[in-house]
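Take a look at the structure below.
Everything numeric here is computed off the predicted structure, so don't read it as measured data.
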Amino acid sequence: SIFENARGDAMDWDLVNGKVLDSVFRNSGNDGFDISMGEVYISRNHFEASGDKCISAGEGTRTIIANSKFFRCNIGVAVKDRSRVELTDNIFLKNKIAYNTYRKKWRWEKGGEGIMQNLQFLDSIEADIQGDKFSKVSFKKSIPKDVKIKGPLRVIEIGEDS
């Protein structure tokens, strides 16, 4: 599927469990794909020039994002409010912030959690990874040496099988 030139969010799922495969999200006025309170598998997608976020995952969302590209968005992937996202084999290119994690709504108590493996961060403008004190990012294997990290988030290494 191709989602192009949406005035707001190109796709917005609340309380949905599903898959998004082999799609293009281009020139969304706001988010390319906005998810809350669901479980979503996202693979082999291309996100480009979203006005705000390529993917916004919030409010307890559980998501796997694999083999996708995030190009020229304000924020590539945002993970917030007790959401957990696993990112594997993705490319982030020329985003203002490639990955941002935080607590937006106090009632969720925690921010976001990201588990990362084999990601490429290329030419991020402000940061590759940014987060607040309520959030955490875990790298399978090791933390890449050249990743630009901003904010007080927890960054840890975990074993491949974790």
With a cut-off of 3.5 Å and sequence neighbours excluded, list every side-chain donor-acceptor pair involving residues 148-157.
{"from": "Lys148", "atom 1": "NZ", "to": "Ser124", "atom 2": "O", "distance (Å)": "2.7"}
{"from": "Glu157", "atom 1": "OE2", "to": "Ile143", "atom 2": "N", "distance (Å)": "3.4"}

With sequence neighbours left out, what residues match [X] under ring-ring contact (aromatic ring centres under 6.0 Å, His included)?
X	value
Tyr99	none
Phe139	none
Phe134	none

Backbone N or O of [Y] within a donor-acceptor pair of the [X] side chain at under 3.5 Å?
X	Y	value
Ser68	Ala66	yes
Asn45	Ser23	yes
Thr101	Gly112	yes

message: Do Tyr102 and Val77 sit in one hydrophobic cluster, given that two such residues count as connected whenever their side-chain heavy atoms are within less than 4.5 Å of each other, even indirectly?
response: no

Sole residue of Asp81, Thr61, Asp14 in side chain to side chain donor-acceptor pair (under 3.5 Å) with Ser36: Asp14

message: Suppose the criterion is salt bridge (Lys or Arg N to Asp or Glu O under 4.0 Å): which pairs have a residue in residues 33-51, not counting sequence neighbours?
response: Asp22-Arg44, Arg26-Glu48, Glu48-Arg72

Taking C-beta and beyond as the side chain, do [X] and [Y] meet within less than 4.5 Å on heavy atoms?
X	Y	answer
Ser50	Asp31	no
Val40	Asn17	no
Lys141	Gln117	yes
Ile55	Ile42	yes
Gln120	Phe92	no
Lys105	Glu59	yes
Ile129	Val147	yes

Could you measure the distance from the [atom1] atom of [X] to the [atom2] atom of [Y]? Nearest 0.5 Å is fine.
X	Y	atom1	atom2	value
Ile115	Leu87	CD1	CG	9.5 Å
Asn95	Asp123	CG	CG	10.0 Å
Lys53	Asn100	NZ	CG	8.5 Å
Ile158	Met116	CD1	CE	11.0 Å

Could you work out the complete set of other residues in the hydrophobic cluster of [X], with links drawn between I, L, V, M, F, W and Y side chains under 4.5 Å apart?
X	result
Ile91	Phe71, Leu93, Leu122
Val24	Ile2
Ile75	Ile97

message: Taking the basic N atoms (NZ, or NE/NH1/NH2) and the acidic carboxylate oxygens, is any pair closer than 4.0 Å for Arg103 and Glu109?
response: no

message: Checking Val20 against Tyr41 for the side chain to side chain contact (heavy atoms under 4.5 Å, CB included) test, could you report, in this order, the C-alpha distance in whole Å, the side-chain angles of both residues, the deciding distance, and whether it holds?
response: CA-CA 6 Å; Val20 177; Tyr41 178 74; over 6 Å; no

task: Identify which one of Trp13, Phe70, Phe3 satisfies the ring-ring contact (aromatic ring centres under 6.0 Å, His included) criterion when paired with Phe33.
output: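 That would be Trp13; it is the only one of Trp13, Phe70, Phe3 passing the ring-ring contact (aromatic ring centres under 6.0 Å, His included) with Phe33.
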
message: Just to verify, what does Lys80 make a side-chain hydrogen bond (donor to acceptor under 3.5 Å, both in side chains) with, not counting sequence neighbours?
response: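 For Lys80 the side-chain hydrogen bond (donor to acceptor under 3.5 Å, both in side chains) partners, ignoring immediate neighbours, are Ser56.
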
- prompt: How would you list, by chain and number, every residue that makes a salt bridge (Lys or Arg N to Asp or Glu O under 4.0 Å) with Glu113, sequence neighbours excluded?
  reply: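 Glu113: salt bridge (Lys or Arg N to Asp or Glu O under 4.0 Å) contacts with Arg84, Lys136.
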
What is the minimum heavy-atom distance between [X] and [Y], and which atoms define it?
X	Y	answer
Ser83	Gly60	OG-N, 3.3 Å
Gly32	Phe25	O-CD2, 3.3 Å
Gly111	Ser135	CA-OG, 3.4 Å

task: Just grab all the disulfide (SG to SG under 2.5 Å) pairs involving residues 24-111, residues at least two apart or on different chains.
output: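 The answer is Cys54-Cys73.
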
query: Listed by chain and number, what are the side-chain contact (heavy atoms from CB on, under 4.5 Å) partners of Asn27, not counting sequence neighbours?
result: Asn5, Ala49

